[in-house]
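If you read the sequence from its start, that first residue is 1, and numbering goes on from there.
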Amino acid sequence: MKKILVIDGNSIINRAFYGVPLLSDAEGRYTNGVYGFLNIYFKLFDIYNFIPVFYDTFNTLSMFEFIIFLLFFLKENHRICTFSDKLPE
């Protein structure tokens, strides 16, 4: 069975930045956030097949729209989605 995980990229980057010791490149830019984020992201590939990452932009509905599209796609292709009955009509 294929598994999907939707990630809030800003939350994971923030958590990774403060959860990893300070790392920087030759020019002095901090890279511990990217390093920690990629460690988390690649560990999740062992469990999930599809992992879209969303970041806060001017369009705040992008993650919600993706989830609605995904639920519609699963329903149209006769795949069972266990949490579709919990969404508001």
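- To the nearest 0.5 angstrom, Asp25 atom CG is 6.0 Å from Thr31 atom OG1.
- Residues that satisfy the side chain to side chain contact (heavy atoms under 4.5 Å, CB included) test with Val53, not counting sequence neighbours, are Ile7, Phe37, Tyr41, Tyr55.
- Put simply, Leu44 and Leu38 are part of the same group of oily side chains (I, L, V, M, F, W, Y) that touch within less than 4.5 Å, one to the next.
- Residue Ile13 is grouped with residue Phe42 when hydrophobic side chains (ILVMFWY) are merged at heavy-atom distances under 4.5 angstrom, including chains of intermediate members.
- Taken to the nearest 0.5 Å, the OH atom of Tyr35 stands 11.0 Å off from the CD1 atom of Ile40.
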**Message:** The test is side chain to side chain contact (heavy atoms under 4.5 Å, CB included); show your working for Tyr30 and Leu22 and say whether it passes.
**Reply:** CA-CA 7 Å; Tyr30 293 117; Leu22 287 178; 4.0 Å; yes
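- Two different hydrophobic clusters hold Val20 and Ile12 under the rule that ILVMFWY side chains link at heavy-atom gaps under 4.5 Å.
- Side-chain contact between Ile4 and Asn49 is absent, with no heavy atoms from C-beta onward closer than 4.5 Å.
- Nearest approach of Gly33 to Ala16, heavy atoms of both residues: O-CB, 3.6 Å.
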